[in-house]
**Student:** 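Mind having a look at this structure? Questions to follow.
Remember, it's 1-based here, ligands and their atoms both numbered in the order they're listed. In this chain, residues are counted from 1 in sequence order. Quantities reported herein were computed from a predicted structural model and do not represent experimental measurements.
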Amino acid sequence: MAPIKNNDSIIVIGAGVFGLSTALELSKRGYRNITVLDRHVPPVVDGSSVDISRIIRIDYADPLYAQMAREAYQGWINEYTDFYYESGFVMLADTFSNPYMSKAKEIVKSQGGRLDEFNDANQIRSLYANVQADLDGLFAVHNPIGGWADAERSIQHLARQCNMAGVSFITGPRGTVHSLRKSGTRVVGVNLTGGGYLLASQVILSTGAWSNRLVDLSHAASASGQPVGFIKLTPEESRELENTPVMINMSTGVFCFPPTPGTNILKLARHGYGFATETTSEATGRLISSPKRDGSNAESGYLPNDADEGLREGLRQFFPKLKGRDWMNRRLCWYTDTPGGDFIIDHHPILDGLFVATGGAGHAFKFLPVLGRYVADCFENTASQSIRRKWQLQVPVEGAQASSTMMGDGSRGGPPLRKLNAIEQSKL
Ligand SMILES: *[C@@H]1O[C@H](CO)[C@@H](O)[C@H](O)[C@H]1NC(C)=O
Ligand SMILES: *[C@@H]1O[C@H](CO)[C@@H](O)[C@H](O)[C@H]1NC(C)=O
Ligand SMILES: *[C@@H]1O[C@H](CO)[C@@H](O)[C@H](O)[C@H]1NC(C)=O
C-alpha cells in the first residue's frame with residue numbers, strides 16, 4: 001500500500017466519537033484535506049454518541065481497554081473536565097463470582113487502582129447514603145474513580161476542535177452517503193443520496209451501527225438497539241438522589257445515572273444483547289442489520305414492549321419511589337456489536353483506499369479523549385502488532401450472518417438478542 005500523504009484528501013463518514021476523534025487527530029498530524037460527512041450535524045440526534053450521559057469507568061476485564069481507559073481518564077479530568085462528573089461507579093451482581101466483575105477487579109488492582117468490595121451491597125450506603133435501591137442479596141464492587149460524562153456537550157466540544165483545526169463538515173441530505181464509489185477494488189470516494197459524489201484518496205468509515213449499509217461487515221459487526229429511558233424529576237426528587245453513583249446491575253444489564261444537575265433528568269438504560277433489525281442495504285442490496293438511514297431513529301421514541309418492561313423493572317429495582325413514573329422520552333440506542341466486544345480499526349483487507357473505524361460494541365464513548373490517537377496509529381500503520389491484530393478486520397466470508405455470535409466483552413446482562421418483527425420495525 002502506498003503511504004498516505006498529508007495533502008491526500010480524506011473523507012470521514014460519520015460524526016460520532018470514532019469519526020470526530022479520528023478527524024481531529026489526523027488534522028493534528030498534519031493532514032490538511034479532511035471532510036467529515038454525516039446525516040446530521042453533530043451531536044448526531046440518533047447516533048450512539050449523544051444524549052445526556054455516558055458511563056466513564058476504568059474497570060475493565062481486558063488489559064488494553066483498562067490501559068486506554070486510564071489514559072482517557074486523564075483527558076476527562078483535564079481538557080474535558082467541564083463535561084465529566086465523578087460520581088463513583090458501582091457494579092452489582094447477584095453472584096459473587098460474576099466472571100466479568102472478578103476479572104475487572106483483578107486488573108484494576110494489578111494496575112494499582114483501588115476497589116471496594118461488599119458482600120452485602122447494602123453497605124454501599126455507607127458511602128452513598130441516598131441510594132434508594134433494594135440491594136438485598138446482591139454483591140457490589142465500588143470504584144470511587146469513574147462516573148459519567150455529558151455526551152452531547154463532549155461531542156460538541158470535540159466537533160468544535162475539529163472545526164477550528166480546519167476540518168470540513170458536510171451534513172444533512174447533502175452529506176448523506178448512498179454508497180461507496182469504487183474503481184475496481186479501490187474505493188475512490190462516496191456517492192451521495194442526492195445523486196452527486198465526492199472523491200477522496202482515503203475513505204474512513206466510522207458509521208457505527210449503520211456500517212453494514214455501506215460495506216459488508218456482517219461477519220464482523222451488527223447493530224443492536226438498546227433501550228434507554230428518561231424521567232423528569234422534581235427538584236426535590238432530584239435532591240434526594242444527589243451524591244448517588246452510576247450503578248450497573250450486571251445480572252440484568254440495567255444501569256442508571258444520578259440526576260443531571262440543572263435539568264433533573266434521570267436516565268436508565270440496559271447494556272444487554274439488544275434488539276436486531278433486518279433491512280436491505282440501498283448500497284449493496286444485502287439483507288443487513290442496521291437502523292434506518294433516512295430520518296431520525298430517535299424521533300418516534302418507540303420501544304418494543306419487552307424492552308420497556310425490562311427498563312421499568314430496572315426502575316423499580318433502582319428507584320422504588322419512582323416506579324410508576326412515565327418516561328419523558330425513550331429510545332433505542334444503536335450499538336455496533338462485535339464478536340468479542342473489540343473495536344474494528346483497520347484498512348479494509350480487500351478494498352484499497354478504505355479504512356474502517358467502528359465496532360464500538362457499547363463501550364467506546366469513554367475513550368473519546370484518546371480514541372483518535374489509537375485510530376490514527378492504525379491508519380498510519382504505526383500501532384503495535386498486538387493492537388492491530390486485536391482490531392483487525394477479517395476478510396468477509398461470503399454469506400456469513402453471525403449476529404447471534406456478537407456477544408460483546410462479557411459485560412452484558414439481561415435477555416438474549418431478539419430480532420424485531422416487521423410490525424415492531426415499522427414503528428422504529
Ligand atoms: C481536497 O481534495 C479534493 C478531492 O481530491 C479536491 O477536489 C480539493 O481541491 C482538495 N482541497 C484542497 C483545499 O486541497
Ligand atoms: C456510484 O455512482 C457511480 C456513478 O453514478 C455509479 O456508476 C456507481 O454504480 C455508484 N456506486 C454504487 C455502489 O451505487
Ligand atoms: C439486580 O438483578 C437481580 C437479578 O435479576 C435482581 O434480583 C435485583 O433486584 C436487581 N437489583 C437492582 C438494584 O437492579
Side-chain angles (χ1 to χ4, degrees), residues 4-13 23 26-27 30-37 90-96 98 101 118 120-125 128 131-142 165-170 176-205 213-216 241 244-257 268-272 280-286 293 309-323 351 353-354 412-415:
I4 302 151
K5 296 184 298 296
N6 276 359
N7 53 3
D8 279 349
S9 53
I10 298 173
I11 283 177
V12 179
I13 316 174
L26 290 179
S27 75
Y31 296 91
R32 292 189 297 273
N33 192 340
I34 304 173
T35 306
V36 174
L37 308 180
V90 172
M91 288 189 274
L92 303 165
D94 55 8
T95 149
F96 192 63
N98 178 284
M101 258 160 75
F118 300 106
D120 172 2
N122 281 298
Q123 287 166 320
I124 64 163
R125 270 187 271 269
Y128 305 96
V131 167
Q132 291 177 6
D134 172 5
L135 299 171
D136 289 349
L138 298 180
F139 300 92
V141 171
H142 166 251
V167 171
S168 301
F169 283 85
I170 308 177
T176 301
V177 172
H178 172 270
S179 50
L180 299 176
R181 196 177 171 91
K182 295 174 200 164
S183 167
T185 58
R186 186 167 182 88
V187 171
V188 295
V190 296
N191 291 337
L192 302 168
T193 52
Y197 63 89
L198 293 168
L199 297 178
S201 313
Q202 293 287 325
V203 171
I204 298 178
L205 195 75
R213 288 191 176 272
L214 298 178
V215 67
D216 181 22
L241 291 170
T244 56
V246 170
M247 294 183 277
I248 180 163
N249 188 340
M250 305 299 287
S251 304
T252 59
V254 177
F255 59 101
C256 64
F257 297 87
L268 264 94
R270 188 165 68 192
H271 182 59
T280 304
S281 156
E282 299 83 356
T284 66
R286 289 171 192 273
R293 184 195 68 192
E309 275 158 26
L311 218 48
R312 287 231 148 256
E313 181 64 20
L315 180 67
R316 267 192 295 278
Q317 291 165 340
F318 277 118
F319 307 103
K321 290 185 185 173
L322 300 171
K323 64 181 176 204
L351 297 170
L354 180 66
R412 312 283 178 96

**Student:** List by chain and number: which residues place a heavy atom under 4.0 Å from ligand 1?
**Tutor:** Ser9, Asn33, Leu199

**Student:** Identify which one of Val12, Leu351, Val215 satisfies the side-chain contact (heavy atoms from CB on, under 4.5 Å) criterion when paired with Leu205.
**Tutor:** Val215

**Student:** Quick one: does Leu180 get within less than 4.0 Å of ligand 2, heavy atoms only?
**Tutor:** yes

**Student:** Please identify which atoms of ligand 2 are closer than 4.0 Å to at least one heavy atom of Ser179.
**Tutor:** 11 (N), 12 (C), 13 (C), 14 (O)

**Student:** Can you tell me how far CG of Asn249 sits from CE of Met91, rounded to the nearest 0.5 angstrom?
**Tutor:** 12.0 Å

**Student:** Say whether, by atom type as modelled, one donor and one acceptor occur between the side chain of Thr193 and the main chain of His178 under 3.5 angstrom.
**Tutor:** no

**Student:** Is it true that a side-chain atom of Arg125 and a backbone atom of Val131 form a donor plus acceptor pair closer than 3.5 Å?
**Tutor:** yes

**Student:** Between Asn33 and Asn7, does any side-chain donor sit less than 3.5 Å from a side-chain acceptor?
**Tutor:** no

**Student:** Quick one: do Glu313 and Arg316 make a salt bridge, cutoff under 4.0 Å?
**Tutor:** yes

**Student:** Show the atoms of ligand 3 that are less than 4.0 angstrom away from any heavy atom in Asp94.
**Tutor:** 4 (C)

**Student:** For the pair His142 and Phe118, name the ring-plane relationship: parallel under 30°, tilted 30 to 60°, perpendicular over 60°.
**Tutor:** tilted

**Student:** Can you list the atoms of ligand 3 that are under 4.0 Å from a heavy atom of Leu138?
**Tutor:** 11 (N)

**Student:** Using a 4.0 Å cutoff against the non-hydrogen atoms of Thr252, which atoms of ligand 3 qualify?
**Tutor:** 2 (O), 5 (O)

**Student:** Just which atoms of ligand 3 are under 4.0 Å from any heavy atom in Ser251?
**Tutor:** 2 (O), 4 (C)

**Student:** Can you list the ligand 3 atoms lying under 4.0 Å from a non-hydrogen atom of Asn249?
**Tutor:** 1 (C), 2 (O), 3 (C), 8 (C), 10 (C), 11 (N), 12 (C), 14 (O)

**Student:** If you measure from CD1 on Ile13 to CG on Leu198, what distance do you get to the nearest 0.5 Å?
**Tutor:** 9.5 Å

**Student:** Give yes if a backbone or side-chain nitrogen or oxygen of Gln317 is under 3.5 Å from a nitrogen or oxygen of ligand 3, and no if not.
**Tutor:** yes

**Student:** When you compare the side chains of Asn6 and Arg32, does any donor N or O come within less than 3.5 Å of an acceptor on the partner?
**Tutor:** no

**Student:** Would you say Arg270's side chain and Val254's backbone share a donor-acceptor pair under 3.5 angstrom?
**Tutor:** no

